Amino acid sequence: MGNVTREDILKLTEEEDVEFIRLQFTDLFGSLKNMAVTVSQLEKALDGRFMFDGSAVEGYAGIEDSDLYLKPDPDTLEIFPWRPQQGKVARLICDIVRPDGSPFEGDSRYILKRALKEAAEMGYTFQVGPECEFFLFHLDDDAKPTTISHEQAGYFDVSPLDLGENARRDIVLTLEEMGFVVESSHHEASPAQHEIDFEAAEALRTADNMQTFKLTVKAIAKRHGLHATFMPKPRAGVNGSGMHINMALLKDGKNIFQDPEDENGLSREAYYFIGGLMEHVRALSAVTNPLINSYKRLVPGYEAPTYIAWSRASRSPLIRVPSPRGEETRIELRSPDPAANPYLALAACLCAGLDGIRKKTEPPKSVDCDIFTMNADERRLLGIRRLPETLPEAVAELEKDEVIRRALGGHAANKYIEGKKKEWNRYRSQVTDWEIREYLYRF
C-alpha cells in the first residue's frame, strides 16, 4: 500500500470486517512488540493517543521519562491472512513519539528514517534487498521448540528429501497474499534450513517487510506443527543462517553504482561505498551480528565470511558484487544474520557507506580467490583483517567508532552497548555442556 489516508483505513477495516488492530513497533534489540485495540478504538489509535510505559521496554526510557505514544504509519496497514476471517486481525506499524509529538530517539524506525534523510540530503535513495535464512524444527510433546529435524536435505533439494517444502510453500503464498513480491524460495545447505527472497525496495519499506516476514514465517510454521527460528547458529556442525543485504543507491531513479566504462562496471560512488563498509564493518558487526550466538556462525569452514575483503566473483569475502550490472548493480554484504534489528542494521550500513562516499574512501584491491584457502601470511600481505570473533570484541569496536555511534544516536548507542554487555555477563557466568564434557573427568 502507499499514500493511504485515514479515511482509506476506516473504510477498509469496515469493509473487511476487521475487529482487532495490532499497533506494532520494534524494540532496540529487534523484538517485535504490539498493543492490540478493537476497531472501536481505531480513530483514537490513528490520532496517536495510545500511550505505553517506555521503561518496561528493554533499551527504551527510564521510569522518570517513560510516557511514550504509538503513532501509526497508515501505509503499513495489513490484514493477517492466517487469523480468523470473521472479526479479522490487522496491524499498523508505529513510530514512537514523546508526549509533545517529537520523535523518540530510541525508536529503531526513527533511527533508520534519520539515516535515510541524511542520504536524501545528498540526493540518494537507499534500495535494499535481503536474503533471509531460517530453520524449521520440530516441537516436543509439550509444544516447546527443539533443534530436532528428521530431514537430511541439502542445498536446493526437493521433496521427499525436503520435508519443509509444504510449510515453505504456504509461507510464500501467505506473503504474496500480503503484497510481498517473492522472487524465489529454496532449501538451504543445512538440514531443515530454508531461504525465501523477496523483492528489493526502499530501505524503510524493506525493514518493515523484514519484521513482517519473520512474524509470518513463525505463524505459518506453527500451523504446520513446526518452530521457525532466525537464531544464527542453532546447531553445531552445520552452516548457520545469514541475512545477506543487497544494497544500491539511486539518484533521480537511476542506480548510481553502475558505470559501463569501468572495468568492473562500478562507479566511483560504488567503490567509496564499499570502502566505507570495510572501514566500519568491525563496529557494524555489533549491530548486524547482535548475539553471542552470531559469532558461532562467523567461523571458518561454514561458508559465512570471516575476513574483511571484497570481490567481484568469489563468495568467500565479506562483500561481493554479484554479476548483474546496469540498473541491477548492487553491493552484497554477507556477514549480517537474521537476528539483527533490520532498522538499525540498514541505518548503520547506509551511514558507513555514505561516510565512504564523503571521504572518498578507496577500498583495497578486489580479492577474487578463495580467502579460506589462504594461510595467515598470505592474508597479512594483502592486508586482510578479520571480523570480530566475539560479541564483546564487536561491541568494543562500536564504542570507539564515531560514525556508527552517530548513526544510532547517543541514546540508542549507549543503551545498545549497555544491553550487549549485560548479555555477555549473563553468558560468561554459565557453565556449558561442552565444558562439563571437556573438563569434568580430566580435572
Side-chain angles (χ1 to χ4, degrees), residues 111-112 115-116 118-119 122 124-131 200 203 206-207 242-250 255-259 264-290 294 298 304-322 329-337 340-368 371 382-388 393-394 397-398 400-408:
I111 290 167
L112 177 54
L116 294 173
E118 183 180 329
M122 297 173 69
Y124 302 137
T125 300
F126 189 37
Q127 193 92 351
V128 181
E131 301 174 32
T206 293
M243 185 182 69
H244 300 170
I245 299 176
N246 294 275
M247 297 171 275
L249 287 179
L250 308 185
N255 186 336
I256 66 156
F257 284 169
Q258 62 174 310
D259 181 357
N264 297 318
L266 300 176
S267 67
R268 297 318 306 167
E269 289 92 342
Y271 287 115
Y272 298 151
F273 198 94
I274 292 171
L277 286 173
M278 292 179 67
E279 181 176 342
H280 297 290
V281 74
R282 285 179 57 81
L284 265 176
S285 295
V287 179
T288 58
N289 306 90
S294 297
L298 299 177
T306 56
Y307 300 106
I308 302 172
W310 76 280
S311 176
R312 300 164 297 179
S314 174
R315 293 176 184 268
S316 62
L318 168 77
I319 296 169
R320 189 172 78 96
V321 182
T329 306
R330 65 188 189 272
I331 293 167
E332 178 188 31
L333 183 65
R334 297 173 57 80
S335 58
D337 67 56
N341 179 330
Y343 300 99
L344 300 189
L346 297 188
C349 287
L350 174 59
C351 288
L354 293 180
D355 185 64
I357 290 175
R358 284 196 196 91
K359 295 178 180 176
K360 298 185 177 180
T361 305
E362 290 282 358
K365 187 178 178 181
S366 170
V367 179
D368 297 320
I371 297 177
L382 291 172
I384 298 173
R385 298 177 297 153
R386 274 198 69 110
L387 287 171
E393 188 181 343
E397 293 287 342
L398 175 58
K400 63 187 183 185
D401 192 307
E402 293 183 6
V403 170
I404 305 304
R405 285 180 63 94
R406 189 168 64 248
L408 301 181

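Just the heavy atoms: all of them, side chains too, but no hydrogens, waters or symmetry mates, feed the values below. Note that the structure is a prediction, hence the values are computed from the model and not measured. The chain is numbered in sequence order, starting from 1.
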Which atom names give the shortest non-hydrogen contact between [X] and [Y], and what distance separates them?
X: A345; Y: A340; answer: CB-CB, 4.3 Å
X: A270; Y: I331; answer: O-CD1, 3.7 Å
X: D355; Y: T361; answer: O-OG1, 4.3 Å
X: A407; Y: A348; answer: CB-CA, 4.3 Å
X: A304; Y: L298; answer: CB-CD2, 4.0 Å
X: R334; Y: P317; answer: CD-O, 3.6 Å

Hey, does [Y] have a side-chain heavy atom less than 4.5 Å from the side chain of [X]?
X: L354; Y: Y124; value: yes
X: E118; Y: C351; value: yes
X: N341; Y: P290; value: no
X: P322; Y: N246; value: yes
X: V281; Y: I319; value: no
X: R358; Y: M122; value: yes
X: I371; Y: L382; value: no
X: N255; Y: L250; value: yes

Enter the distance from [X]:[atom1] to [Y]:[atom2] here, rounded to the nearest 0.5 Å.
X: R405; Y: L398; atom1: CZ; atom2: CG; result: 6.5 Å
X: L318; Y: I384; atom1: CG; atom2: CD1; result: 11.0 Å
X: L408; Y: L112; atom1: CG; atom2: CG; result: 11.5 Å
X: I256; Y: I357; atom1: CD1; atom2: CD1; result: 5.0 Å
X: I274; Y: E332; atom1: CD1; atom2: CD; result: 11.5 Å
X: L249; Y: Q258; atom1: CG; atom2: CD; result: 12.5 Å

Given the options F273, Y272, Y271, F257 meets ring pair (Phe, Tyr, Trp, His ring centres under 6.0 Å) only with F273

Would the distance check show the side chain of [X] and the main-chain N or O of [Y] forming a donor-acceptor pair, the cut-off being under 3.5 Å?
X: T206; Y: G129; value: no
X: R282; Y: E393; value: no
X: D368; Y: R312; value: yes

For the pair C349 and M247, evaluate side chain to side chain contact (heavy atoms under 4.5 Å, CB included) and give the outcome as yes or no after the intermediate values.
CA-CA 9 Å; C349 287; M247 297 171 275; 3.9 Å; yes

- request: Before giving the answer on side chain to side chain contact (heavy atoms under 4.5 Å, CB included), spell out for E279 and V403 the whole-Å C-alpha distance, their side-chain angles and the decisive distance to 0.1 Å.
  value: CA-CA 10 Å; E279 181 176 342; V403 170; over 6 Å; no

Intermediate values then yes/no, side chain to side chain contact (heavy atoms under 4.5 Å, CB included), E362 and R268 | CA-CA 9 Å; E362 290 282 358; R268 297 318 306 167; 2.6 Å; yes

Does the side chain to side chain contact (heavy atoms under 4.5 Å, CB included) test come out yes or no for L387 and N289, once each step is laid out?
-> CA-CA 11 Å; L387 287 171; N289 306 90; over 6 Å; no

